[in-house]
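Down below is the structure, laid out as structure tokens.
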Amino acid sequence: MSDHFLDELNESQRKAVEATEGAVMVIAGAGSGKTRVLTFRVAHLMSKGVDPFNILCLTFTNKAAREMKDRITNIIGNTEGKNIWMGTFHSIFAKILRVEGGRLGYSSNYTIYDTADSKNLIKSLVKEFNLDEKTYAASNVLSRISGAKANLISWQEYQKNEDIRNEDHSMRRPFIGQIYEAYQKRCFKASAMDFDDILFNMYILLRDHAEVLHKYQKIFKYILVDEYQDTNYAQYLIIKSLAARTENICVVGDDAQSIYGFRGANIQNILGYQKDYPDCRIFKLEQNYRSTSNIVNAANSVIANNKAQIHKVVWTKNEEGDRIRVVRTHTDQEEGLAVAHNIFETKMNLQLPNSDFAILYRTNAQSRAFEESLRRLNIPYRIYGGMSFYQRKEIKDLLAYFRLVINPDDEEALMRIINYPARGIGKTTLEKLVILSNDNNVSIWKLLENVSSLGSILNSGTKEKISAFLQTMKSFQAMLKKKDAYELAHHIAQTTGILRELRDDKTPEGVSRYENIEELLNAIKDFVENDEVKESPSGQEIPDEKTERTLDFFMQDIALLTDADDKKNNADTDRVSLMTVHAAKGLEFPFVHIVGLEENLFPSAMAIQTRNELEEERRLFYVALTRAKTRAMLSYSLSRYKWGNLQYCEPSRFIEEISPECVELPGAEPARTPKSMQTSWKPSFTAAKPDAPARKPVQPAGKLVKLKTAEKMTAGNSELSGLEPGTVVEHQRFGRGKVISIEGNNESLKATVNFENAGSKQLLLKFAKLTIIG
DNA sequence: GTGTGATATCTTTTT
DNA sequence: GATATCACAC
């Protein structure tokens with residue numbers, strides 16, 4: 001295999017790709033071709049004859065893994081790439097634990113608890129311990145436990161550790177150690193692991209079982225880690241031990257984009273890499289190929305406010321581009337309209353697809369205003385993140401049946417559906433069962449199996465109901481390996497009455513729930529029937545044989561999916577993307593709107609107490625800015641509804657941190673009288689039909705932007721003021737054309753141009769880049 | 001045990 | 001504005 005593809009790389013990229021042996025760290029500035037280096041490096045390894053089975057490539061999301069696989073396939077021109085161990089930390093380790101977990105006492109069909117499962121379990125533990133449910137809020141307790149596990153602190157160590165004990169004491173939560181212990185025991189009894197356990201147990205497995213460690217050290221001759229700045233201590237140690245034999249380890253990351261500190265990511269991993277591998281070679285990718293120089297400079301000026309950094313200078317040869325515009329509105333609703341109108345205009349004037357636009361926000365809850373205004377303008381959009389498909393109630397209910405069929409000890413699944421649809425097994429019965437289960441250290445399922453021996457604890461009516469439930473579940477279990485995934489899934493949905501119950505619900509929500517169930521069943525059908533699908537939903541390989549297309553294979557890592565992984569949605573039509581900044585990491589868009597830039601929102605109110613937290617918020621803003629290729633727009637609102645009531649807001653400190661020559665700020669603050677709040681800008685055509693043709697161009701924030709801004713925009717194109725009907729012009733996209741007519745004035749100056757090849761277009765001169773030919 | 005309606009509490013960010 | 005929990009009637 002030849003390496004001709006290496007010619008496509010710049011000098012530092014190519015060096016990083018060719019340094020295949022030994023420890024390597026690639027510090028890759030935003031937009032500098034990080035993914036390119038990783039994919040080419042893998043391709044290069046394979047062209048040198050390395051067996052793809054010996055390459056481990058860990059990514060941050062399933063989506064990133066899939067894309068990288070595709071790109072490698074494209075580069076090398078065959079399908080060998082499918083054998084690479086490519087996936088997220090969680091999905092690769094979960095897979096290994098299905099094979100090796102027996103050594104730790106887990107069966108191969110263990111369940112993966114998602115966050116909701118974990119919280120439910122903690123909630124019931126807090127109740128069982130008779131602790132106050134407010135001081136021991138499930139999310140707090142979970143994040144404490146999660147943090148411990150990310151740092152490889154077992155419950156035993158947690159309870160022994162004096163510092164931790166003092167911390168918990170001072171927070172008036174001295175019993176977290178006990179809850180942690182009970183939580184782990186309950187998960188184990190249920191044959192379940194949560195997200196953190198997957199890493200924790202992987203570490204224990206390698207630490208305590210030398211034969212396993214050696215096995216995987218031999219398999220993973222080359223290890224590559226993407227987004228290294230976002231790894232936590234557990235991930236760090238796992239990688240380190242796997243790489244200990246060959247030390248062929250290549251980590252790629254950007255300390256300036258570390259944004260997962262809140263979930264245990266340790267920026268020290270990347271800052272201290274050199275100490276771990278003194279002979280390591282470090283390559284810096286500093287040339288940005290993505291964004292205009294204005295965007296790059298703005299981002300640099302912001303991040304310069306952070307202290308802890310690896311020195312690097314991100315630069316670009318790209319053109320200067322527009323200044324970053326800052327838009328101010330009075331209300332969050334107005335912000336939504338302003339952004340939607342801006343997208344509409346830009347898209348119409350430059351004739352761009354919707355997918356060129358993204359709206360990035362700090363919290364999922366902000367999406368609403370943008371959804372509404374985009375819908376109003378008939379602009380298709382897609383929301384990433386938030387409530388994912390697999391987290392919907394009806395989906396989780398049906399999945400709980402599947403989980404219970406595969407792993408009957410799965411307690412969260414059992415509790416979820418033992419009385420859904422209602423079958424007369426209520427709260428009192430369950431409370432009794434939980435106590436029995438704890439006292440005897442057996443799973444609830446085992447109790448149910450021996451329900452006749454429970455004597456007078458339950459009355460005979462209840463026992464009968466339990467037996468009926470048990471029989472149904474056992475009949476499903478008997479089918480697990482006999483029927484394919486779809487047959488069984490459909491059978492379960494039908495016989496349990498879930499389908500009927502949802503079909504009978506004619507409310508819009510009910511209809512949508514029914515459709516969701518249908519969609520899930522269709523996905524399973526796809527999984528069974530489609531011969532091309534040789535992998536589980538997250539992209540992991542599954543065995544070829546048709547007999548293995550059973551429900552347990554479909555389910556094996558469903559808990560690790562986020563809705564960004566939903567294939568159906570990815571192949572979707574042309575849409576504007578809405579997502580949190582976190583979810584946008586690794587992506588790029590020509591036009592990016594960063595919204596809700598207000599103090600206590602971005603930066604978040606939860607993260608302005610300490611310098612570290614604030615620096616992470618700043619890196620988050622840096623990530624947001626550097627997603628933009630052509631134009632970045634910032635917006636903030638002077639007021640916003642926060643859980644029901646109106647709050648006044650201050651603009652984010654991050655806006656001021658942008659170097660002044662890169663931005664155009666809005667003018668002086670308008671008077672904050674109630675009157676001005678009411679008479680604030682309204683779009684002139686909200687009443688128009690969605691498909692009304694030529695709209696009166698509206699400058700969304702026009703009234704709010706400093707006059708200077710408007711002047712500047714027309715001034716920038718002043719050489720075009722001589723345009724008149726008959727003038728021949730050239731457009732960067734549509735080529736040559738003749739001006740038919742001119743209308744409007746100042747910033748809404750609009751020309752109808754008949755292009756030789758692209759036909760007639762209406763262009764706003766403010767945006768369109770026209771050159772006068774004659 | 002079930003179903004209904006009132007009410008407190010909630011929101012960072014995600015594998 | 002949405003969801004989880006509680007009180008109450010059946």
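Quantities reported herein were computed from a predicted structural model and do not represent experimental measurements. Below, chains carry the letters A, B, ... as their sequence lines are ordered, and counting in each starts from 1.
Note on A/N232: every side-chain N or O is 4.0 Å or more away from OP1 and OP2 of B/dT15. Distances shorter than 4.0 Å separate some side-chain N or O of A/T429 from OP1 or OP2 on B/dG1. Proximity of A/T115 to the phosphate of B/dT15: no side-chain N or O atom is located under 4.0 Å from OP1 or OP2. Phosphate contact (OP1/OP2 of B/dT12, side-chain N/O of A/N600, threshold under 4.0 Å): absent. Remark: A/N364 is not in phosphate contact with B/dT11, judged by side-chain N or O atoms under 4.0 Å from OP1 or OP2. At B/dT15, none of the side-chain N or O atoms of A/T61 fall inside 4.0 Å of OP1 or OP2 (strictly under the cut-off). OP1 or OP2 of C/dT5 has at least one side-chain nitrogen or oxygen of A/K123 nearer than 4.0 Å.
A salt bridge is defined here as a Lys NZ or Arg NE, NH1 or NH2 lying under 4.0 Å from an Asp or Glu carboxylate O, and A/E615 with A/R611 meets this definition. Classification of A/D117 and A/R416 as a salt-bridged pair fails, no side-chain N sitting under 4.0 Å from a carboxylate O. Electrostatic pairing of A/R368 and A/D332 does not count as a salt bridge here, judged by no charged N lying under 4.0 Å from a carboxylate O.
Between the P atom of B/dT14 and the OH atom of A/Y384 lies a distance of 14 Å, rounded to the nearest Å. Counting to the nearest Å, the P atom of C/dA4 and the NZ atom of A/K134 are 16 Å from each other. A straight line from NZ of A/K465 to P of B/dG1 spans 7 Å, rounded to a whole angstrom. The interatomic distance linking A/R368 (CZ) with C/dG1 (P) rounds to 7 Å, in whole Å. Between A/Y260 atom OH and B/dT13 atom P there is a gap of 11 Å when expressed in whole angstrom units. Across the protein-nucleic acid pair, A/L430 atom CG and B/dT2 atom P stand 10 Å apart, rounded to whole Å. In this structure, A/L142 atom CG and B/dT15 atom P are separated by 15 Å, rounded to whole Å.
Stacking of A/F262 onto the six-membered ring of B/dT13 is present: less than 5.5 angstrom between centres, less than 30° between planes.
Counting only heavy atoms from C-beta outward, the side chains of A/T231 and A/F89 approach each other to under 4.5 Å.
No more than 12 heavy-atom neighbours from other residues, nucleotides or ligands sit within 6.0 angstrom of OH on A/Y233.
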